[in-house]
**Q** 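Please read through the structure below; I'll follow up with questions.
We name chains A, B, ... by the order of the sequence lines, and we start the count at 1 in each one.
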Amino acid sequence: MVRIYWHFRTLLAWSLAVLAFIAFALTNPAFLHAGNLYSLLQSFAVLALVATGLSIVMIAGEFDLSIAGTIPLAGLIAVKVGETAGIHLGVAAAVAVAAAVGVLNGWLTAHYAVPSLAVTVGTLVLTIGLGFAVAGGKIVTLTDFEPGLWLDQAIAEIVSPRALLYVVLVVAAGWLMAKTWSGVKIRAVGSDRQRSAASGLPVTRVLILAFVISGLFAGVAGALQGLTLASGAPGSDEATLLQAVTAAIIGGVALTGGKGSIPGVAAGAMLLAVVGNGLSLQGTSTAIIQLINGGILLLIVVIDRPLNRIVNKSVEKSMSTSQHRVPTNR
Amino acid sequence: MNTKIAARSTLQKPSLPATPVAETIKRITTDSSAIIAVTTVLLFILACIFVNEFATVTNLRALFLSVALVGIAAVGLSIITIVGRLFALSVSAMVAVSTIVFASLLHTGPWTAMAAAVLFGALAGAVQGFFVGRLGTDPIVTTIAAAAILIGFAQIVTGGRNVQGAGDASVFGLTIFGVVPVQVLAFFVLTVLAWWTHRYTVLGRRVTLVGLNEKAALVSGMRAWPVILFAFIGSGAMAGLAGGLLSSESGQGNLQLGGTFGFDAITAVVVGGVSVKGGTGNPVGAATGAVLVGLLGNALVLLGLSYEVQLIFKGVLVLLAVVATGIASNRQSGRRR
């Protein structure tokens, strides 16, 4: 029953995304043009990647604010190191730093048993500061445009190597969460940390893994974004964070931990990407799109609880009826 | 009941009689607000001795002026943290929109404009408090969404432009007795008021109880949501006041003002030893935290360090404070690591 519900959440999110897609396709003929679908998939891929990383942390029962700082920092490092030491080394350095931030987040949260929200506020400020230090008060630019152009070239008119890589990473994360022991452990730690620890699960290692995935994905997104823009600026990327949280929650990731699936998160990202793309195609300002994103998020958190309560009740009912059945079957 | 909460929230007295000195040391090492207070005083003394130009009246006034507004927002935010609802991530947005409210109403007089800014903050806080308290939504997500909505609305109304206030806001720029600026006075008064409310009123004790143990509060016949609503209203009003005072400095309002307030306030609350788990810590801690962060920033500037080093310092400080409060609360609950 519970499984059916979370499948239902994923289905609901996907059908909303498809509905929005159809609605925009019918009302605006320009929506289905290859160029627009290309930009839709580009924004979907970035959002899905960052949201997937964040949702793994959320499934583990924690939260990662620091991705808002990791994304610009990774872009800056990729561009700065890439300019002097080669693109590959630049990306590697950016991703390594992002993973290190993840390790720090996970280790502090787990080892000192402190709320990750407070820890990641600290690492957020830290990464913003590191970003300013890397930039050194200037806008950092890359003179070599080739890698960025290669990453964003259109394949079959609508996808790019960058979007494909992101989708592959999201699918890999989905496989990790659905089919491997690591996924089971992350979910268990998120559902009930004390019992997981008592059952001998390596809670610290699992939390570090979750935060590293989140940091890695944010780092990859930031580094490749830096390459394609061929520049980087320090600061914090709160708009992406807002969208990633919204996507995760639309996809059915519970803030209390332990619940949610990666296909659902991808659906949430798709819904947001479609709505954002369709609205901006109609000339809606970014302010209104942000307003709508905030509204969607608020609506979801409000209906989330009654929805959960109904499901829990029906679960209890089905459990109690099955308990009644057991004696009669004997 | 009240006395019990008071004892738990401030100092835990050991049941066995101990020597006063040992007891005090234990109390200080397990009470994170005390650690912060001691650290702040030590740093202040160190800065006075080792940093040139630090211990001058002009510099100290500048220091407190830079701390005052963030401090007001932080004291407000600490109420939400104490009631066990983590942080409001909408503080920056509320401060920014309040500057616009203040600037656009300045032609009706500084006091009405200030009242409007505070009222706006209280209202925005009330809506979020209703969601979080009554509807039981997650505070982080609710306030992220509220921030997006507030900024979106303000962007549409102002068109993203700067709002120039038509009026005189110099009332809030006065310096009382030539020493204490109005903003600093407001910061002190509000800190004392928040401390007194938290320590000596039923409402304050309720805030602590809900933060410590919501189920126990419910069992003893106290619903949590009105208390949570109050916390958000108080916090929102303080953010509105901070925004109004910020706007009065220049007579302008725009969405870029107060952009750092949100994380600065969170930094102050966390550094100030207010436990993110709720119930422990007090508004004075948050105020001390704000002063400590401002003090460090000021001293670092006087030592000639750059903005990015300050930010990195601040980040490390938050992490250290989080770990310190974590260790302290683990030791209090008898947990070993």
Side-chain angles (χ1 to χ4, degrees), chain A residues 63 65-66 69 104 108-109 111-137 234 236 238-239 241-243 245-246 248-249 254-256 285-306, chain B residues 81 86-87 89 92 128 131-132 135-142 144-157 159-160 259 262-264 266-267 269-271 275-277 306-327 329-330 335 337:
Chain A
F63 201 87
L65 283 172
S66 68
L104 186 65
L108 288 178
T109 302
H111 188 260
Y112 292 103
V114 285
S116 54
L117 204 65
V119 173
T120 54
V121 166
T123 46
L124 173 60
V125 178
L126 190 67
T127 46
I128 295 172
L130 286 175
F132 276 101
V134 170
S236 66
E238 275 143 50
L241 178 68
L242 167 76
Q243 286 202 320
V245 183
T246 316
I249 292 177
L255 288 148
T256 42
S285 70
T286 42
I288 295 181
I289 295 175
Q290 198 188 8
L291 194 69
I292 291 172
N293 275 350
I296 294 176
L297 185 54
L298 209 54
L299 190 73
I300 297 278
V301 283
V302 170
I303 62 168
D304 218 29
R305 219 163 110 113
Chain B
T81 311
L86 303 165
F87 309 119
L89 293 179
S92 282
Q128 293 168 50
F131 274 106
V132 174
L135 303 178
T137 61
D138 180 83
I140 293 302
V141 177
T142 310
I144 288 180
I149 292 172
L150 281 173
I151 296 282
F153 258 124
Q155 193 100 37
I156 292 164
V157 172
F263 289 123
D264 283 352
I266 293 179
T267 308
V269 168
V270 173
V271 171
S275 167
V276 186
K277 289 168 185 162
S306 56
Y307 175 64
E308 54 261 26
V309 178
Q310 289 179 50
L311 270 180
I312 295 172
F313 231 86
K314 214 185 265 182
V316 173
L317 190 67
V318 174
L319 291 180
L320 285 179
V322 168
V323 168
T325 41
I327 293 173
S329 80
N330 289 344
R335 213 172 126 183
R337 286 217 157 249

**Q** Using a cut-off of under 4.5 Å for heavy-atom pairs, which of A:P234, A:G136, A:G131, A:G122 has the most such pairs with chain B?
**A**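 Answer, by heavy-atom pair count under 4.5 Å with chain B: A:G122.
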
**Q** Can you tell which part of A:I300 gets under 4.5 Å to a heavy atom of chain B, answering side chain, backbone, both or neither?
**A** neither

**Q** Say you draw a straight line from CG of A:L299 to OG1 of B:T137; how long is it, rounded to the nearest 0.5 Å?
**A** 12.0 Å

**Q** With rounding to the nearest 0.5 angstrom, report the CD1 to CG distance, B:I266 to A:L65.
**A** 7.5 Å

**Q** Report the distance from atom CG of A:N293 to atom CD1 of B:I144, rounding to the nearest 0.5 Å.
**A** 12.0 Å

**Q** Between A:I128 and chain B, with a heavy-atom cut-off of 4.5 Å, which part of the residue counts as in contact: side chain, backbone, both or neither?
**A** both

**Q** Quick one: closest heavy-atom pair of A:G129 and B:I312, and the distance?
**A** C-CG1, 3.6 Å

**Q** With only heavy atoms counted, which part of B:Y307 is less than 4.5 Å from chain A, the side chain, the backbone, both or neither?
**A**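 B:Y307 touches chain A through side-chain heavy atoms alone.
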
**Q** Just so I know, are the side chains of B:V276 and A:V114 near enough to count as touching, which here means a heavy-atom distance under 4.5 Å?
**A**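 Counting from C-beta outward, B:V276 and A:V114 never come under 4.5 Å.
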
**Q** Work out which heavy atom in B:A145 is nearest to a heavy atom in A:G294; give both atom names and the distance.
**A** CB-O, 3.5 Å

**Q** About how many Å separate CG of A:L130 and CD of B:E308, when rounded to the nearest 0.5 Å?
**A**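 Rounded to the nearest 0.5 Å, the CD-CG separation comes out at 10.0 Å.
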
**Q** Could you check which of A:T246, A:L291, A:I296 has the highest count of heavy-atom pairs closer than 4.5 Å to chain B?
**A**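 Looking at each option in turn, the highest pair count goes to A:L291.
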
**Q** Begin with the C-alpha distance, continue with both residues' side-chain angles, and end with the deciding distance and a verdict on side chain to side chain contact (heavy atoms under 4.5 Å, CB included) for A:I249 and B:V141.
**A** CA-CA 9 Å; A:I249 292 177; B:V141 177; 3.4 Å; yes

**Q** Rounded to the nearest 0.5 Å, what's the gap from CD on B:Q155 to OG1 on A:T286? Could you check?
**A** 6.5 Å

**Q** Among B:G315, B:G152, B:A321, which residue has the highest count of heavy-atom pairs closer than 4.5 Å to chain A?
**A** B:G315

**Q** Between chain A and each of B:D138, B:T142, B:L135, B:V318, count heavy-atom pairs under 4.5 Å; write down the option with the most.
**A** B:D138

**Q** Are any non-hydrogen side-chain atoms of B:I149 and A:L298 less than 4.5 angstrom apart?
**A**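 Yes, their side chains come closer than 4.5 Å.
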
**Q** Between B:I140 and chain A, which part of the residue has a heavy atom less than 4.5 Å away: side chain, backbone, both or neither?
**A**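 When you check distances to chain A, only side chain atoms of B:I140 fall under 4.5 Å.
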
**Q** Identify which part of B:F153 has an atom lying under 4.5 Å from any heavy atom of chain A, answering side chain, backbone, both or neither.
**A**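 Backbone plus side chain of B:F153, per the 4.5 Å heavy-atom cut-off to chain A.
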
**Q** Counting only non-hydrogen atoms closer than 4.5 Å, does B:L89 touch chain A with its backbone (N, CA, C, O), its side chain (CB onward), both, or neither?
**A**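 The answer is the side chain of B:L89.
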
**Q** At a heavy-atom separation under 4.5 Å, does A:L124 approach chain B through its side chain, its backbone, both, or neither?
**A**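 For A:L124, side-chain heavy atoms alone lie under 4.5 Å from chain B.
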
**Q** Does any backbone or side-chain atom of A:V245 lie under 4.5 Å from a heavy atom of chain B? Answer side chain, backbone, both or neither.
**A** side chain

**Q** Would you mind reporting whether A:L104 and B:L319 have side-chain heavy atoms less than 4.5 Å apart?
**A** yes

